[in-house]
Amino acid sequence: GIQVEQSPPDLILQEGANSTLRCNFSDSVNNLQWFHQNPWGQLINLFYIPSGTKQNGRLSATTVATERYSLLYISSSQTTDSGVYFCAVRRAGANNLFFGTGTRLTVIP
Amino acid sequence: NAGVTQTPKFQVLKTGQSMTLQCAQDMNHEYMSWYRQDPGMGLRLIHYSVGAGITDQGEVPNGYNVSRSTTEDFPLRLLSAAPSQTSVYFCASSYDRGRNSPLHFGNGTRLTVT
């Protein structure tokens, strides 16, 4: 299957700091999504972003499909941003999303 | 709007027992899927369905069965539970067979097999 690598695996930030999370993938994709898993285990869809740039409040994401990577930006981080961020991709012609192993973010007050 | 509903939230089984994890969605989504989440391994696809009457295997299907008799429901059956099936199970759905729409998750079922 397609390989999905996320970096860094762990990140600790002071509240108010900015961060960039990266997702690299090994093949052409036509579907890429970012998810946040909160400390209670709930998985929330942040972005559907197979290409281009999207913004939602303090979060934004950019996917450069031709170079096989996506970036998730978190600005002015808050303690509620803590949790694990997952990238998931679908190869063109396939049925399913493959997930990376996530970036665990801890925001300290 | 309930979204994706999973039951139960927690379950403890003994080795060899069987059970069914329930999943229902009220968004008229065509695509439904089951993932398991284990520490350090992200989410791995067990089975999926692109519509009523259609199911297929994912990455880790062994030991699990599914059926899709209606658009709304997609139960996951463990035929003979094993300790290796201790995990958190997530059901997810999306609108157009998942190709061009976001995936929505239920809140998960934490299963322990002793």
With a 4.5 Å cut-off on side-chain heavy-atom distances among I, L, V, M, F, W and Y, is there a chain of contacts connecting [X] to [Y]?
X	Y	answer
L59(A)	I49(A)	yes
L78(B)	I46(B)	yes
F86(A)	F105(B)	yes
L72(A)	Y69(A)	no
Y48(A)	L46(A)	no

Hey, is CZ on R110(B) packed in by over 12 heavy atoms from elsewhere, all under 6.0 Å?
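Atom CZ in R110(B) is not crowded, with 12 or fewer foreign heavy atoms closer than 6.0 Å.
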Taking CD in E5(A) as the centre, count heavy atoms belonging to other residues, nucleotides or ligands within less than 6.0 Å. Is the count above 12?
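Counting other residues, nucleotides and ligands, CD of E5(A) stays at 12 neighbours or fewer.
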Heavy-atom proximity to chain B below 4.5 Å, by part of F35(A):
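Contact with chain B involves the side chain of F35(A) alone.
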As an exercise, state the distance from OH of Y48(B) to CG of L97(A), rounded to the nearest 0.5 Å.
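Nearest 0.5 Å value for the OH-CG distance: 11.5 Å.
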Max heavy-atom pair count under 4.5 Å with chain A, selected residue of P102(B), G58(B), G42(B):
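That would be P102(B).
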Sort by residue number and list every member of residues 37-45 of chain A having a non-hydrogen atom under 4.5 Å from chain B.
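Counting heavy atoms that sit under 4.5 Å from chain B, the residues of residues 37-45 of chain A involved are Q37(A), G41(A), Q42(A), L43(A), N45(A).
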Looking only at heavy atoms, which of residues 98-109 of chain A get nearer than 4.5 Å to chain B?
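The stretch touches chain B at F98(A), F99(A), G100(A), T101(A).
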Checking heavy atoms, do the side chain of L43(B), its backbone, both or neither come under 4.5 Å from chain A?
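Both the backbone and the side chain of L43(B) come within 4.5 Å of chain A.
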